[in-house]
Novice: 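Encoded as structure tokens, here's the structure I'll be asking about.
Counting convention: from 1, in listed order, for ligands and their atoms alike. Note that the structure is predicted; figures quoted are calculated from it, not measured.
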Amino acid sequence: MMDKERAARTDIPTLQWFPGHMKKAQRLIEENLKLVDVVIELLDARIPASSANPMLAEIIKDKPRLIALNKADLADSQSTKKWLAYFRAQGIPAVAIDSMKGKGMKQLVKEAEELARPKTEKFVAKGARARAARCMILGIPNVGKSSLINRLAGAVKAKAANQPGVTRAKQWIKIGSNLDLLDTPGILWPKFEDQTVGLKLAFTGAINDDIYDREQVTALLLAAMRRDYPERLVERFKFKGEMPTDGLELLEAVGRKRGCLVKGGVVDLEKAQNIVLTEFRAGKLGLVTLDEVPAAEAAEEEAEKNIE
Ligand SMILES: Nc1nc2c(ncn2[C@@H]2O[C@H](COP(=O)(O)OP(=O)(O)OP(=O)(O)O)[C@@H](O)[C@H]2O)c(=O)[nH]1
Ligand SMILES: [Mg+2]
């Protein structure tokens, strides 16, 4: 490919959800949904609300669902506990996992088997031979679906991509003796029409930050960190005395601290942006959760809705 062509391609945001894409993704999920007993909804533990697709319930209807908060290794563990309690209070089993290191896998498998039990037992009651519980993983791009499948499979078995146009039989991956996992996860579209949700998706790298102005995204991330986790910024960037409150000033200050200077002592903002985004996403600015659990009243309301 010509360099020019390549440049033109990378100018296009890699992730755009048009109605046509959404319909197609939804249809694929619905097709596979018929084959499984349980859905594992994979969320990013740093943004459990923003990484959720609000249409999920509508898509999966009464299919039993369990929530896995992935990348828990990058999230604030206190917040993760609160989120798990919040989901469980609504009757949704929830576990925290780290698909890179394989933490939480046993619990995840156990919960999935348990959730499928009414279905698998019904099967046996009808006189059929016992069969393994079947499940599939759903989640927005980059949340870790492939990593989780590979981790559960214990080897790199899930081929990295679902190749468009290549029809093949459904592949099941055996997870222990009682659980089968569909090797193709369902991709949910993120809901980034909402400005704050979109930003959090950009901060965490769920959506390509080129969709936004990177400078603005980084400045807003720093401002949010300054508000909620100021000590992390002090520690990481060695601020002494006053630390700016304005995001852009913070970005400049970080650039200076890290020696991202161009001629005349001007800060190379692009370099500074890369440092901040890369370090944040790698958890080097500390373990951070950007979505708060809804207030108690809201949680009760949600729980009631669930019972109705
Ligand atoms: N720190 C950390 N990183 C993770 C974890 N799970 C996945 N990742 C990283 O997140 C990125 C995305 O992971 P994938 O497994 O490719 O995500 P995906 O959901 O399959 O993404 P798409 O196929 O693009 O929809 C990769 O860089 C992984 O290394 C986790 O539990 N912790
Ligand atoms: Mg994948």
Side-chain angles (χ1 to χ4, degrees), residues 10 12-18 21-22 24-26 28-29 32 39-48 50-53 56 59 66-77 79-80 83-84 94-109 135-164 166 168 170-171 173 175 181-192 200-211 274 277-291:
T10 50
I12 304 164
T14 54
L15 189 76
Q16 285 271 30
W17 290 101
F18 298 113
H21 288 151
M22 293 190 192
K24 189 169 173 229
Q26 184 169 341
L28 279 173
I29 290 173
N32 287 334
V39 161
I40 297 174
E41 182 188 9
L42 200 57
L43 299 177
D44 186 322
R46 298 167 298 174
I47 46 169
S50 304
S51 58
N53 180 302
L56 181 91
I59 296 171
L66 89 85
I67 287 176
L69 294 180
N70 193 38
K71 310 196 186 186
D73 56 307
L74 299 175
D76 179 331
S77 61
S79 299
T80 299
W83 274 107
L84 291 175
V95 293
I97 62 169
D98 168 356
S99 297
M100 297 313 287
K101 297 211 184 71
K103 286 196 183 147
M105 296 299 127
K106 269 196 193 134
Q107 202 195 343
L108 180 67
V109 169
C135 68
M136 77 180 288
I137 292 166
L138 296 183
I140 65 165
N142 212 42
V143 72
K145 299 178 295 297
S146 300
S147 305
L148 174 59
I149 292 176
N150 290 335
R151 174 54 68 170
L152 284 171
V156 184
K157 273 188 194 152
K159 270 151 245 123
N162 340 327
Q163 290 156 11
V166 182
R168 57 193 171 103
K170 299 283 173 213
Q171 299 275 333
I173 300 168
I175 315 292
L181 173 67
L182 199 58
D183 79 340
T184 314
I187 303 178
L188 295 168
W189 52 99
K191 179 190 165 251
F192 57 95
K200 288 174 190 174
L201 292 166
F203 293 164
T204 52
I207 56 174
N208 194 324
D209 40 39
D210 296 347
I211 291 178
N274 284 335
L277 288 176
T278 307
E279 295 193 3
F280 173 78
R281 289 172 188 166
K284 289 184 178 149
L285 304 192
L287 307 183
V288 166
T289 302
L290 298 167
D291 281 337

Novice: Between the main-chain N or O of I47 and the side-chain N or O of S50, is there a donor-acceptor pair closer than 3.5 Å?
Specialist: no
Novice: Could you check which of A45, P141, S147 puts a non-hydrogen atom nearest to atom 28 (C) of ligand 1?
Specialist: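 It is S147 whose heavy atom sits nearest to atom 28 (C) of ligand 1.
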Novice: To the nearest 0.5 Å, what is the distance between NZ on K24 and CH2 on W189?
Specialist: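 These two atoms lie 13.0 Å from each other.
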Novice: Side chain or backbone, does L148 bring an N or O within less than 3.5 Å of an N or O on ligand 1?
Specialist: no
Novice: Assess whether side-chain contact (heavy atoms from CB on, under 4.5 Å) is satisfied between M105 and V95, documenting all intermediate values.
Specialist: CA-CA 9 Å; M105 296 299 127; V95 293; over 6 Å; no
Novice: Would you name the heavy atoms of I207 and A202 that are closest together and state the gap between them?
Specialist: CG1-N, 3.8 Å
Novice: Side chain, backbone, both or neither: which part of D73 comes within less than 4.0 Å of ligand 1 when only heavy atoms are counted?
Specialist: side chain
Novice: With a cut-off of 4.0 Å, which atoms of ligand 1 are near a heavy atom of S146?
Specialist: 15 (O), 18 (P), 20 (O)
Novice: The Mg ion (ligand 2) and S146: any N/O/S contact shorter than 2.8 Å?
Specialist: yes
Novice: Could you go step by step and tell me if D98 and L74 meet the side-chain contact (heavy atoms from CB on, under 4.5 Å) rule?
Specialist: CA-CA 9 Å; D98 168 356; L74 299 175; over 6 Å; no
Novice: Record the part of L74 in heavy-atom contact with ligand 1 below 4.0 Å; permitted values are side chain, backbone, both and neither.
Specialist: side chain
